[in-house]
Trainee: 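Here's a structure for you.
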Amino acid sequence: MLTRWERAFLGDLFEILLPRGGHPRLPLGAADMPLVPFAERWLLEAPADVRVGFRVALRVLAWAPLLTLSGIRPLRALEPDARIAVLERLSRHRLYLLRELPLLVKTVACTGYCAHPAVREGIGLPDHVEGPPRWLEELDTGGPRTVERP
Amino acid sequence: MIRSPEELDGRTVDDIADVVIVGSGAAGATAARVLAEAGLEVVVLEEGPAVPAAELRPDFHSGQARVWRDGGAQVARGRALMPLLQGVCVGGSTAINGAIIHRIPETILGGWLKADPGLAVTVDPERLGEIWDRMDEELGVGPAPPDVLGENNRLLGVGARALGVDAAPIRRNVIGCEGSARCLQGCPTARRQSMNISYIPRAVAHGARVYTCAWAQRVTLGRGRATGVVARLHRGHRGQWCGRLRVRARRAVLIAASAVHTPLLLLRSGLGRTSGLVGRRFQAHPGTAVLGVFDDPVRMWAGATQGYESLHWWDERMKIETLALPPELGAVRLPALGAPLIRRLAEYGHVAQWAVQVRALAMGSVVHGLGGRAVVRYDLTPADVRVLKLGVLRLCELLFAAGAREVLPGVHGLPPSVRSMDELAPLGELPDSPQLFHCIASHMFGTAVMASAPKMGVTSPTGELWDCPGAYVIDSSVFPSNLGVNPQHAIAGLAWRLAERLVEEAAG
Ligand SMILES: Cc1cc2nc3c(=O)[nH]c(=O)nc-3n(C[C@H](O)[C@H](O)[C@H](O)COP(=O)(O)OP(=O)(O)OC[C@H]3O[C@@H](n4cnc5c(N)ncnc54)[C@H](O)[C@@H]3O)c2cc1C
Ligand code: SF4
């Protein structure tokens with residue numbers, strides 16, 4: 001249901017928010033799991049106004065550097081560190097609706113990411129032994145399930 | 001008997017009963033239990049599915065997609081957006097709630113009766129007390145024992161003792177709770193005595209018929225009184241319609257669809273209009289949470305989801321309670337993005353979360369949106385925001401007193417992470433705006449208020465609509481005000497009282 005551009009941009013955003021190798025116990029990043037298909041599924045289940053709001057949010061986020069007076073290039077054209085800095089600035093923006101936008105994407109990203117058994121195991125949750133939820137199994141493209149300890 | 005739409009696929013089904021109840025949450029299930037046990041023939045229509053405990057998963061999204069209203073995306077709109085959390089399944093919100101039990105505080109009951117002495121017909125403190133005693137017994141209500149508290153709950157006791165603040169283990173409706181902190185995803189071991197586990201099965205055992213995935217579209221009328229309900233059947237999500245259901249009510253239609261969805265059903269049916277109050281006076285207990293990071297493990301996932309509370313500042317319109325959240329939800333509140341977020345997540349086991357809920361003065365409204373969804377308008381008053389600010393400060397103080405090395409206040413305009421109370425000083429200077437906080441509300445009231453005169457309320461003190469004999473509202477829509485405490489027992493108790501009045505009437 002998302003366009004190619006939306007999917008690609010969302011994938012980028014997720015990777016910015018949840019990068020690979022952030023911690024020895026949480027080596028997986030958004031790129032290691034089917035988070036974009038999860039987001040599409042989440043949107044399908046969401047009410048229509050949330051769906052519309054999310055897609056508008058993506059477009060605004062694409063131009064977050066402008067809104068945070070960080071430059072005139074779109075977010076995707078920036079280096080990874082600069083992208084994070086822009087999103088952090090946006091999440092402290094004085095306009096309420098603008099600062100809610102990174103949070104909206106973070107909410108979807110974290111909902112998918114933290115459901116992964118490897119992430120739950122890395123955090124220490126005992127329930128990771130119950131295996132992945134069915135939706136993750138359905139979406140999973142065969143990525144890793146367990147953490148390889150360094 | 002619980003009937004799912006699969007059994008009725010594509011058909012228009014007709015049924016008849018003494019009483020038709022819309023909604024199977026705290027109010028609807030309790031009324032069903034009382035009426036069915038009294039020998040009346042009862043049909044319950046529930047918009048959501050029946051979800052067996054064995055199907056519940058530990059991750060948050062599985063439950064969110066299946067049993068949370070709009071997947072958790074139902075919001076009240078005002079200057080800030082505030083998620084309104086509700087369950088949509090057999091058991092209603094009780095199937096995803098924190099199991100906290102309170103009765104209506106005496107001062108609140110007294111206030112209702114003082115404002116409208118005519119309410120005493122049903123709002124009778126003595127009888128309500130007897131009902132709550134009985135429910136306590138049936139639902140296993142008791143204080144959370146030390147062995148299921150876990151650190152998140154225990155630490156609130158530590159902080160409170162250090163500051164000389166009254167706090168205590170929460171009284172919960174559980175039998176053999178294992179402290180898995182999964183209440184919000186649905187109790188996987190059926191220990192919480194939510195309505196899907198307790199009163200719905202009990203009503204069914206006494207002959208009640210429950211139709212699931214049955215969305216009550218409107219109340220039908222004949223000769224100036226309610227005669228039944230027309231419902232649409234769906235396959236798991238509203239919109240995937242697969243049949244119709246017409247249920248005739250010999251005696252009464254009881255509406256218990258919650259303070260958000262009851263007024264919508266009334267409006268769709270053209271009922272309750274004479275007072276002009278349907279959907280007005282929406283009230284809530286908005287709440288926000290603060291996180292504390294401890295040196296020692298907290299492991300929020302081990303222990304009762306909500307096991308400790310403080311009513312110390314109840315007179316100041318605030319209540320403090322613990323709230324263990326799964327990492328999916330907790331992560332959103334961690335003040336970081338990118339690799340720092342992952343590092344914060346890795347130490348999630350050291351995080352405690354406690355919340356403040358406010359008995360807000362604000363009043364909002366509920367009207368119909370597209371596709372039968374609710375449009376709720378609600379804005380905290382400046383006085384409410386001041387209570388929230390104070391509540392956040394107190395939560396921070398309690399967390400530090402319990403030994404937190406770092407506190408994450410989650411307030412726009414404050415540092416995202418503080419290590420001393422001094423760093424919170426700027427809070428006083430911030431504007432009294434709801435946009436400072438991320439609030440949620442899961443306790444809602446007042447959208448079809450009861451009163452002893454038709455001009456003052458939508459229903460009479462028995463819950464019967466002033467303008468439609470035979471149709472009753474029995475959930476917290478009829479509450480004249482919010483409570484300042486968690487409402488499921490209050491709602492169930494009053495529904496019991498209203499249902500037993502019907503039994504008395506039926507007996508002649
Ligand atoms: C996450 C969460 C935590 C909570 N924690 C606590 C707690 O610890 N203690 C406490 O006291 N309270 C708690 N509450 C609040 C408490 O659960 C609710 O206040 C209470 O369940 C409300 O009872 P009700 O019968 O009015 O509505 P609900 O329990 O919400 O039930 C209403 C039912 O009606 C159904 N319905 C709605 N419209 C229709 C329609 N048109 N046709 C058919 N069916 C319909 C809904 O699907 C739902 O099942 C919590 C709530 C939530 C969401
Ligand atoms: S803490 Fe766990 S076992 Fe106890 S009632 Fe909640 S979900 Fe059930």
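None of these values were measured; they are calculated from a predicted model.
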Trainee: Please classify the contact of B:Leu81 with chain A as side chain, backbone, both or neither, using a heavy-atom distance under 4.5 Å.
Mentor: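 For B:Leu81, heavy atoms of backbone and side chain both lie under 4.5 Å from chain A.
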Trainee: Taking the basic N atoms (NZ, or NE/NH1/NH2) and the acidic carboxylate oxygens, is any pair closer than 4.0 Å for A:Glu130 and B:Arg182?
Mentor: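 Salt bridge present between A:Glu130 and B:Arg182.
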Trainee: Rounded to the nearest 0.5 Å, what's the gap from CZ on A:Arg94 to CD on B:Gln435? Could you check?
Mentor: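 A:Arg94 atom CZ to B:Gln435 atom CD measures 11.5 Å (nearest 0.5 Å).
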Trainee: Answer with side chain, backbone, both or neither: which region of A:Arg120 has an atom nearer than 4.5 Å to a non-hydrogen atom of chain B?
Mentor: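 For A:Arg120, side-chain heavy atoms alone lie under 4.5 Å from chain B.
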Trainee: What is the distance from atom NE2 of B:His61 to atom CZ of A:Phe38, rounded to the nearest 0.5 Å?
Mentor: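 So the gap between those two atoms works out to 4.5 Å.
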Trainee: So with a 6.0 Å cut-off around CZ of A:Arg134, is the heavy-atom count from everything else above 12?
Mentor: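 No, CZ of A:Arg134 has 12 or fewer neighbouring heavy atoms, counting only those of other groups under 6.0 Å.
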Trainee: First locate atom NE2 of A:His23, then atom CZ of B:Arg344, and finally report the distance between them rounded to the nearest 0.5 Å.
Mentor: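 Between atom NE2 of A:His23 and atom CZ of B:Arg344 there are 12.0 Å.
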Trainee: For each of A:Ala48, A:Ala46, A:Gly124, tally heavy-atom pairs with chain B at distances under 4.5 Å, and name the one with the top tally.
Mentor: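 Top count of heavy-atom pairs under 4.5 Å with chain B: A:Gly124.
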Trainee: Which bit of B:Leu345 is near chain A, if near means a heavy-atom gap under 4.5 Å: side chain, backbone, both or neither?
Mentor: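 Contact with chain A involves both backbone and side-chain atoms of B:Leu345.
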Trainee: Is there side-chain contact between B:Pro58 and A:Leu125, with at least one heavy-atom pair below 4.5 Å?
Mentor: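 A side-chain contact under 4.5 Å is absent here.
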Trainee: When rounded to the nearest 0.5 angstrom, what is the spacing between CD1 in A:Ile123 and CZ in B:Arg299?
Mentor: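 It is 14.0 Å, given to the nearest 0.5 Å.
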Trainee: Please give me the minimum heavy-atom distance between B:Leu341 and A:Leu18, naming the atom from each residue.
Mentor: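 Nearest pair, atom of B:Leu341 first, then A:Leu18: CD2-CD2, 3.7 Å.
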Trainee: So for A:Arg99, is it side chain, backbone, both, or neither that comes closer than 4.5 Å to the heavy atoms of chain B?
Mentor: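 Side chain of A:Arg99 only, per the 4.5 Å heavy-atom cut-off to chain B.
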Trainee: Given a strict heavy-atom distance threshold of 4.5 Å, which part of B:Arg343 is in contact with chain A: side chain, backbone, both, or neither?
Mentor: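 Both backbone and side chain of B:Arg343 come within 4.5 Å of chain A.
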Trainee: Using side-chain heavy atoms (C-beta onward) and a distance below 4.5 Å, is B:Arg79 in contact with A:Tyr96?
Mentor: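 Answer no - side chains too far apart.
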Trainee: What option among B:Ala331, B:Gly71, B:Ala346, B:Ala339 has the most heavy-atom pairs under 4.5 Å with chain A?
Mentor: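 Looking at each of B:Ala331, B:Gly71, B:Ala346, B:Ala339 in turn, B:Ala346 comes out on top.
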Trainee: Identify which of A:Val50, A:Leu87, A:Thr111 forms the greatest number of heavy-atom pairs closer than 4.5 Å to chain B.
Mentor: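 Looking at each of A:Val50, A:Leu87, A:Thr111 in turn, A:Thr111 comes out on top.
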Trainee: Is it the side chain or the backbone of B:Gln64 that comes within 4.5 Å of chain A heavy atoms, both, or neither?
Mentor: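 Just the side chain, heavy atoms under 4.5 Å.
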Trainee: I need the residue from A:Pro102, A:Cys114, A:Pro133 with the largest number of non-hydrogen atom pairs under 4.5 Å to chain B.
Mentor: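 Max contact count across the listed options: A:Cys114.
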Trainee: Does any heavy atom of chain B fall under 4.5 Å from the side chain of A:Ile16, the backbone, both, or neither of them?
Mentor: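 The backbone, not the side chain.
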Trainee: For atom CG of B:Asp432, decide whether the heavy atoms of other residues, nucleotides or ligands shown that lie under 6.0 angstrom number more than 12.
Mentor: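 Enclosed: over 12 neighbouring heavy atoms sit under 6.0 Å from CG of B:Asp432.
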Trainee: Hey, does A:Asp49 have a side-chain heavy atom less than 4.5 Å from the side chain of B:Arg77?
Mentor: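 Contact flag for B:Arg77/A:Asp49 side chains = yes.
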Trainee: Given a strict heavy-atom distance threshold of 4.5 Å, which part of A:Glu100 is in contact with chain B: side chain, backbone, both, or neither?
Mentor: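 Looking at A:Glu100, just its side chain touches chain B.
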Trainee: Return the option, out of A:Ala115, A:Pro47, A:Gly29, with the maximum number of heavy-atom pairs under 4.5 Å with chain B.
Mentor: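 Max contact count across the listed options: A:Pro47.
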Trainee: Please flag which part of B:Ala80 lies under 4.5 Å from any non-hydrogen atom of chain A: side chain, backbone, both or neither.
Mentor: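 Contact with chain A: backbone and side chain both.
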Trainee: Going by heavy atoms in the side chains, are B:Leu334 and A:Cys110 under 4.5 Å from each other?
Mentor: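 A side-chain contact is absent here, since even the closest heavy-atom pair is not under 4.5 Å.
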Trainee: Please rank B:Ala302, B:Ala65, B:Pro327 by heavy-atom pairs under 4.5 Å with chain A and give me the top one.
Mentor: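 Looking at each option in turn, the highest pair count goes to B:Pro327.
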Trainee: Which residue out of B:Met300, B:His438, B:Arg57, B:His412 racks up the most heavy-atom pairs below 4.5 Å with chain A?
Mentor: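 Heavy-atom pair counts peak at B:His412.
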Trainee: Among B:Ser62, B:Ser180, B:Pro335, which has the most heavy-atom pairs under 4.5 Å with chain A?
Mentor: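 Answer, by heavy-atom pair count under 4.5 Å with chain A: B:Ser62.
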